[in-house]
Amino acid sequence: MNALRLLETALTPLAIIVSLLALLIAPWWAAAVAMAALVGWMGLTRSGRQAASVTRVGVATIAQRLGSSSVVVVGIAGVVSVLVALLAMATGFEASLRQTGTDDTAIVLRAGSQTENNSVVDHGAAQIVSQAPQVLKNPQGQPVASAELVVVASLPKRSNGLDSNVELRGIEPAAWDLHRNVRFVDGRKFQPGLRELIAGKGAREQFKGLDVGSTLKLNGQLWTVVGIFDAGDSHDSEIWGDTAVVGSTYRRGSSTNSVTVRLTDAGSFDAFKASLATDPRLQVDVMTTRDYYTRQSEALSREIRVLGTTVAAIMAIGAVFGALNTMYAAISARAREIATLRAIGFRGAPVICSVLLETMLLALLGGALGATLTWAIFDNYTASTLGQNFSQVVFSFQVTPSLLWSGLKWALAIGLTGGLFPALRAARMPVTAGLRDA
């Protein structure tokens, strides 16, 4: 009996402390440990069994407080919906750009350039880069290297008819060996030397005039759209044409913005970078395409995450106050019941635990509701935003299991915060005062 009482004394605060840490530390295994500690406490100790009994009574009365309980559920559902939706936006944008690059392809920019738009690589430098020994050769013995030109064109959006920026990329024939994931969903490749374009499927969905057979005017010249491609990455937001023709149309001469190459293997990148760095004819920066596109996504993804967390935190404060009001009202309505339980030997810990469990159950319902709605509405929802090159980047929201878990953790944290003070009040309520007030 003494051993059991000692175990009870140790497990009562431990179960609550572990539950708190599980919500703050966040990994799923921490939540599993907290749940195991709580279940063990409720099943093995007298106080735990008392807490389970009080919790069952409290949950049974939720139907009698449906209006006030709904305030908690709906408020927390709103918090989780906003948080998960904005984080899904950041995750989708980041994933779209990260998928664009690989470790066995490299991009070469002018030294100090952060993006292709503010880089210039002349024809001579492009030839030197493409002849590096680490660059893969095709079966014809030609280097798999594409000097690419990036310009920003203006086209009307399908959604509102207003002009918006789209990225026009000039590529060379070797680009097809660089972008092996590109497949055509309609039409064909453009013919080098002609004013023909192919459009990414994302660009076609966002902009007017990009259907196969359409004609559009870019910088005073007429172009024909001859194909629609699906790259499965951020290139889906672009339209492509021949580098030489794009350069002449926009009066860029023989200069390009970057050179993209396929290396013999991913392990040869360091040697490739070193060979260009030691060449006195070149002043360039070299990085893998995976690193380049990951860097392009970092700033905007960080801003979206900060915005989402800030908005959710502000909403969470309101949800906490809603939970406080609801649970304080519930404690007042159950004052006689709680006082009677205390009078017949129930301790403070079971009362605290029961109130917290009741509040967190409501919070869990709200979190599950918000997460489900967000998943149903926003998962794979297509949107566009302005990228680093000042053009629209089309991407899909990604509501991942980790984001849903984050939303549920926020919901449980709100429930824990909103239920803690009412629980302490219930536990500290004098028995005589509770009976008299009731």
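Side-chain atoms are counted along with the backbone in the values below, which use heavy atoms only and exclude waters and symmetry mates. The structure presented is a predicted model; accordingly, all values stated were derived computationally and were not measured.
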Please list every donor-acceptor pair under 3.5 Å in which a side-chain atom of residues 412-423 meets a protein atom from a residue at least two apart or in another chain.
unit_1	atom_1	unit_2	atom_2	d
T417	OG1	A413	O	2.8

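- Contact of the D242 side chain with the L194 side chain is not registered, since no non-hydrogen atoms from C-beta on lie closer than 4.5 Å.
- Within the 3.5 Å criterion, the main-chain N or O of E167 finds no donor-acceptor partner in the side chain of E238.
- Here the NE2 atom belonging to H179 is positioned 8.5 Å from the CG atom belonging to D233, to the nearest 0.5 angstrom.
- With rounding to the nearest 0.5 angstrom, the OG1 atom of T400 is 13.5 Å from the CH2 atom of W405.
- Aromatic ring orientation, F269 versus F272: tilted (interplanar angle from 30° to 60°).
- Taking CG of D177 as the start and OG of S146 as the end, the distance is 10.5 Å to the nearest 0.5 Å.
- Side chains of S258 and E116: a donor-acceptor N/O pair is present below 3.5 angstrom, by distance only.
- Minimum interatomic distance between L362 and V72 (heavy atoms only, all atoms of both residues): CB-CG1, 4.2 Å.
- The closest side-chain heavy-atom distance from D265 to D104 is not below 4.5 Å.
- A donor-acceptor distance shorter than 3.5 angstrom exists from the side chain of R262 to the backbone of L178, with no hydrogens or angles considered.
- Between the side chain of D285 and the backbone N or O of G112, at least one donor-acceptor pair lies under 3.5 Å.
- For the pair W223/V245, a side-chain contact is recorded, criterion being any heavy-atom separation below 4.5 Å from C-beta on.
- Judged by distance alone, with hydrogens and angles left aside, the side-chain atoms of N325 form no donor-acceptor pair with the main-chain N or O of G322 at under 3.5 Å.
- Contact check on D103 versus R290 returns a salt bridge, with a Lys/Arg side-chain nitrogen under 4.0 Å from an Asp/Glu carboxylate oxygen.
- Taking CD from Q127 and CZ from R281, the interatomic distance works out to 11.5 Å, rounded to the nearest 0.5 Å.
- Of all heavy-atom pairs between D230 and V185, the closest is CB-CG1, 4.0 Å.
- Between Q398 and G92, the shortest heavy-atom contact is CG-CA, 3.9 Å.
- Of the possible donor and acceptor atoms, none in the side chain of D163 sits under 3.5 Å from a partner among the backbone N and O of S154.
- Residues T91 and F397 have side chains not in contact (no heavy-atom distance under 4.5 Å, counting atoms from C-beta outward).
- Considering every non-hydrogen atom in both N117 and N257, the closest pair reads O-ND2, 4.1 Å.
- Applying the ring-ring contact (aromatic ring centres under 6.0 Å, His included) test between F229 and each of W240, W176, F190 identifies W240 as the sole match.
- For the pair Y250 and L218, the minimum side-chain heavy-atom distance is below 4.5 Å.
- In this structure, R305 CZ and T310 OG1 are separated by 13.5 Å, a value rounded to the nearest 0.5 Å.
- L83 contributes atom CG, which lies 10.0 Å from atom CE of M315 (distance to the nearest 0.5 angstrom).
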Checking V151 against R252 for the side-chain contact (heavy atoms from CB on, under 4.5 Å) test, could you report, in this order, the C-alpha distance in whole Å, the side-chain angles of both residues, the deciding distance, and whether it holds? CA-CA 10 Å; V151 297; R252 296 294 182 88; 3.4 Å; yes
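- N181 places a side-chain N or O within donor-acceptor distance of the main-chain N or O of A231, the cut-off being under 3.5 Å.
- Without hydrogens or angle criteria, R195 side chain to Q221 main chain gives no donor-acceptor distance under 3.5 Å.
- A distance-only check finds a donor-acceptor pair linking the side chain of T256 to the backbone of V121 [under 3.5 Å].
- Summarising the geometry of I228 relative to K201, their closest heavy-atom pair is CG2-CA, 4.0 Å, with the distance given to 0.1 Å.
- Contact check for V261 versus V108: no side-chain heavy atoms found under the 4.5 Å cut-off.
- Among residue pairs with one or both ends in residues 206-221, those qualifying as salt bridge (charged side-chain N to carboxylate O under 4.0 Å, His left out) are R158-D211; sequence neighbours excluded.
- Between the side chain of R183 and the main chain of G232, no donor-acceptor pair closer than 3.5 Å is present.
- Other residues, nucleotides and ligands contribute over 12 non-hydrogen atoms within 6.0 Å of the CZ atom of F184.
- Between Y293 and H235, the ring planes are perpendicular. Angles over 60° get that label, and only those under 30° would be called parallel.
- Judged as a salt bridge (charged side-chain N to carboxylate O under 4.0 Å, His left out), the pairs with a partner in residues 134-151 (not counting sequence neighbours) are, in order, E148-R169.
- Between L216 and L197, the closest side-chain pair of non-hydrogen atoms falls below 4.5 Å.
- Residue W410 comes nearest to A313 through the heavy atom pair CZ3-N, 3.7 Å, listed as atom of the first residue, atom of the second, then distance.
- A side-chain donor from one of T105 and T102 sits under 3.5 Å from a side-chain acceptor of the other.
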V399 vs V84, test: side-chain contact (heavy atoms from CB on, under 4.5 Å). Steps then yes/no. CA-CA 7 Å; V399 184; V84 174; 3.9 Å; yes
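- In this structure a side-chain-to-backbone donor-acceptor pair under 3.5 Å is missing from Q283 to A111.
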